[in-house]
Asks: 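Below: one structure in structure tokens.
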Amino acid sequence: MKLVYFSWVKDRIGMAEEEVDLPENVKTVADLLAWLPGRGTNYADALADPAIIRVAVDQEYAQGDRDVRGASEIALFPPVTGG
């Protein structure tokens, strides 16, 4: 599965995208956001407050209970601001 990172999430993790094999216990967006910080300090720093991270599964915004199994792409965004 491809994980894509945007804006300061990308900067803190240190890459724009990566291919990963999710462990069996990662079934939802919430599971993914709980698992990623354990991959290293850079992930922990980027995802220290998972409540503010926006997630899109196969280019559709998703809530924490969205199933990620079988997805081809998951994108992680910081909060969107604008004016």
Side-chain angles (χ1 to χ4, degrees):
M1 161 180 316
K2 180 192 283 188
L3 298 181
V4 183
Y5 309 111
F6 290 92
S7 190
W8 58 255
V9 176
K10 173 183 73 172
D11 295 340
R12 292 177 188 176
I13 288 176
M15 67 185 88
E17 63 183 53
E18 64 179 320
E19 291 286 333
V20 298
D21 292 321
L22 297 180
E24 291 275 327
N25 63 323
V26 175
K27 299 175 183 171
T28 66
V29 166
D31 294 339
L32 177 69
L33 292 175
W35 172 71
L36 282 170
R39 297 187 70 214
T41 303
N42 53 333
Y43 293 92
D45 289 344
L47 305 170
D49 186 0
I52 66 169
I53 301 297
R54 302 295 172 246
V55 178
V57 177
D58 291 331
Q59 300 183 357
E60 292 184 10
Y61 281 108
Q63 299 298 317
D65 61 350
R66 170 77 185 266
D67 195 330
V68 297
R69 295 171 291 182
S72 59
E73 178 184 275
I74 299 176
L76 285 78
F77 306 85
V80 177
T81 61

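FYI, side chains are in, hydrogens and waters are out, and symmetry mates aren't considered; it's all heavy atoms of this structure. Quick caveat: nothing in here was measured; it's all calculated off a predicted structure.
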Asks: NZ/K27 to CG/L22 distance, rounded to the nearest 0.5 angstrom?
Replies: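 K27 atom NZ to L22 atom CG measures 12.5 Å (nearest 0.5 Å).
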Asks: Shared ILVMFWY cluster between V26 and V4, side chains joined below 4.5 angstrom?
Replies: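 The answer is no; the residues belong to distinct hydrophobic clusters.
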Asks: Tell me the closest heavy-atom pair linking L33 and L76, and the distance in Å.
Replies: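 What the structure gives for the nearest pair is CD2-CD2, 3.8 Å.
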Asks: Using a 4.5 Å cut-off on heavy atoms from C-beta on, say whether the side chain of L36 contacts that of I13.
Replies: no
Asks: Can you measure from CG (D45) to OG1 (T41) and round to the nearest 0.5 angstrom?
Replies: 6.5 Å
Asks: Would you compute the distance between atom CZ of R69 and atom CD of E24 and round it to the nearest 0.5 angstrom?
Replies: 9.0 Å
Asks: Looking only at non-hydrogen atoms, find the nearest pair between E18 and Y5 and report the distance.
Replies: OE2-OH, 2.6 Å
Asks: According to the ring-ring contact (aromatic ring centres under 6.0 Å, His included) rule, which pairs have a member within residues 19-51, sequence neighbours left out?
Replies: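 Pairs touching residues 19-51 that pass the test: none.
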Asks: Roughly how far, to the nearest 0.5 Å, is OG1 of T28 from CZ of R66?
Replies: 11.5 Å
Asks: So, for M1 and A71, which heavy atoms are closest and what is the spacing to 0.1 Å?
Replies: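 Taking every non-hydrogen atom into account, CE-O, 3.5 Å.
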Asks: Output, in order, the C-alpha distance, side-chain angles, deciding distance and verdict of side chain to side chain contact (heavy atoms under 4.5 Å, CB included) for I53 and L47.
Replies: CA-CA 7 Å; I53 301 297; L47 305 170; 3.8 Å; yes
Asks: Are Y61 and L32 connected, step by step, through hydrophobic side chains (Ile, Leu, Val, Met, Phe, Trp, Tyr) whose heavy atoms are closer than 4.5 Å?
Replies: no
Asks: If I compare all heavy atoms of A46 with all of R12, which pair ends up nearest, and what's the gap?
Replies: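 Nearest pair, atom of A46 first, then R12: CB-CB, 3.7 Å.
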Asks: Go through the steps to decide whether V29 and I74 satisfy the test side chain to side chain contact (heavy atoms under 4.5 Å, CB included), and finish with yes or no.
Replies: CA-CA 9 Å; V29 166; I74 299 176; 5.9 Å; no
Asks: Can you tell me if Q59 has over 12 outside heavy atoms packed within less than 6.0 Å of its CD?
Replies: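 Count not over threshold, so no.
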Asks: Of the non-hydrogen atoms in R39 and V20, which two are nearest, and what is the gap between them?
Replies: NH1-CG1, 3.7 Å
Asks: Is there a donor-acceptor contact under 3.5 Å from the side chain of D58 to the main chain of E73?
Replies: yes
